[in-house]
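Some notes on the structure that comes next.
Numbers here are sequence positions counted from 1.
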Amino acid sequence: LFVCDSNRKIIDVVAQYPGSVHDFFIYNNCGLRRFLHSAELPRNSWLLGDKGYPLEHCLLTPFRNPNNDMEERYNIAHRHTRNLIERVFGILKLVWRILHGSGGNLPYKHSKVIKIIICCVMLHNIRIAHNFPEEHNEYDIQDVENINAEQINDEMLTT
């Protein structure tokens with residue numbers, strides 16, 4: 001479970017569960033949910049979740065079956081805003097190649113995988129805090145799954 005702010009900084013990560021565990025189970029059992037339900041949130045502060053989450057006072061989800069134009073526009077705005085976390089995933093996979101080809105299954109003990117993920121998140125946040133340029137070459141973050149690692153290595157050697 002990852003949560004980021006509008007600047008792409010990751011503000012919460014729960015990495016203790018294996019990839020097969022449903023996101024809502026993780027959210028339902030993590031400190032973030034308890035915090036959101038017990039704390040006095042600043043005005044206009046919400047968490048966006050996908051269709052797998054229930055609608056809560058602090059967690060906004062899309063309409064499953066929009067009934068009118070307003071609900072459809074809300075879903076479009078929700079999808080557009082929530083796309084930010086997908087871009088963060090793309091950046092993490094692009095910058096830290098250990099996360100790229102794993103398909104969610106790093107070939108290490110679970111305790112080591114947790115440390116790898118946390119380290120990548122911390123380094124990501126350091127990059128954001130220090131305004132490191134995003135070095136994407138000509139590759140689009142959206143296409144990170146289609147990047148051929150050998151092609152990148154060849155291009156890096158020739159430039």
Side-chain angles (χ1 to χ4, degrees), residues 1-106 108 110-129 131-132 134 136 139-147:
L1 178 76
F2 286 81
V3 178
C4 72
D5 66 13
S6 60
N7 296 316
R8 296 186 321 257
K9 178 182 176 187
I10 298 173
I11 57 175
D12 193 27
V13 61
V14 180
Q16 70 193 47
Y17 298 98
S20 61
V21 175
H22 192 277
D23 289 343
F24 178 66
F25 174 84
I26 298 169
Y27 171 73
N28 204 33
N29 292 287
C30 73
L32 174 65
R33 183 169 191 255
R34 287 187 296 277
F35 169 77
L36 293 173
H37 284 271
S38 67
E40 187 68 34
L41 291 177
R43 287 185 69 111
N44 300 325
S45 295
W46 297 279
L47 195 60
L48 299 182
D50 62 23
K51 293 177 183 179
Y53 294 91
L55 180 64
E56 296 182 342
H57 79 279
C58 55
L59 176 63
L60 302 178
T61 59
F63 286 96
R64 291 185 188 272
N65 299 305
N67 292 321
N68 56 50
D69 189 48
M70 188 182 323
E71 290 178 358
E72 186 62 41
R73 286 194 318 262
Y74 167 84
N75 277 1
I76 291 168
H78 184 281
R79 185 171 44 249
H80 176 75
T81 305
R82 208 183 141 279
N83 187 33
L84 185 65
I85 192 68
E86 301 302 332
R87 289 184 53 78
V88 169
F89 292 149
I91 291 168
L92 285 169
K93 289 178 180 181
L94 189 63
V95 174
W96 289 280
R97 302 300 292 165
I98 192 168
L99 301 176
H100 171 61
S102 70
N105 296 309
L106 293 173
Y108 304 104
H110 186 68
S111 59
K112 187 170 189 171
V113 170
I114 291 170
K115 291 175 184 175
I116 291 169
I117 291 170
I118 298 299
C119 285
C120 291
V121 166
M122 292 170 66
L123 291 169
H124 168 82
N125 284 346
I126 290 169
R127 288 175 55 91
I128 296 295
N131 295 316
F132 276 66
E134 291 181 8
H136 306 305
Y139 302 107
D140 182 13
I141 294 171
Q142 299 289 341
D143 294 330
V144 71
E145 296 300 328
N146 300 321
I147 294 175

Once side chain to side chain donor-acceptor pair (under 3.5 Å) is applied, what residue pairs with a partner in residues 59-71 remain, sequence neighbours excluded? Asp69-Arg73
Taking only residues two or more places apart in sequence or in another chain, which ones pass ring-ring contact (aromatic ring centres under 6.0 Å, His included) with Tyr17? Phe25
Please tabulate, for side-chain N and O atoms in residues 111-118, each donor-acceptor pair with protein atoms closer than 3.5 Å (sequence neighbours left out).
none

Is there a side-chain contact between Thr81 and Trp46, using heavy atoms and a 4.5 Å cut-off? no
With sequence neighbours excluded, residues passing salt bridge (charged side-chain N to carboxylate O under 4.0 Å, His left out) with Arg79: none
Locate the shortest heavy-atom distance separating Arg34 from Asn29; write the atom from each residue and the value. NH1-O, 3.6 Å
How close do Pro62 and Gly49 get, heavy atom to heavy atom, and via which atoms? CD-O, 3.3 Å
Under the rule for side-chain hydrogen bond (donor to acceptor under 3.5 Å, both in side chains), what residues qualify as partners of Tyr27, not counting sequence neighbours? Glu56
Ignoring hydrogens, what is the shortest heavy-atom contact between Leu60 and His78? Give both atom names and the distance. O-NE2, 3.0 Å
Could you list the residues that satisfy side-chain contact (heavy atoms from CB on, under 4.5 Å) with Glu72, not counting sequence neighbours? Pro66, Ile76
For His124, what residues pass the ring-ring contact (aromatic ring centres under 6.0 Å, His included) criterion, not counting sequence neighbours? none
Identify, with sequence neighbours excluded, every residue that meets side-chain hydrogen bond (donor to acceptor under 3.5 Å, both in side chains) alongside Asn28. Arg33
Could you list the residues that satisfy ring-ring contact (aromatic ring centres under 6.0 Å, His included) with Phe24, not counting sequence neighbours? none
Side-chain heavy-atom pair Leu47, Cys58 within 4.5 angstrom cut-off: no
Measure across Cys120 and Leu92 and return the closest heavy-atom pair with its distance rounded to 0.1 Å. O-CD2, 3.9 Å
Mind checking side-chain hydrogen bond (donor to acceptor under 3.5 Å, both in side chains) for Gln16 and listing every partner two or more places apart, or none if nothing turns up? none
List for me each residue that meets salt bridge (charged side-chain N to carboxylate O under 4.0 Å, His left out) alongside Asp23, sequence neighbours excluded, and say none if there are none. none
Provide the closest heavy-atom pair for Leu32 versus Asp12 in the form atom of the first, atom of the second, distance. CB-OD2, 3.2 Å
Work out which heavy atom in Leu99 is nearest to a heavy atom in Lys93; give both atom names and the distance. O-CG, 3.9 Å
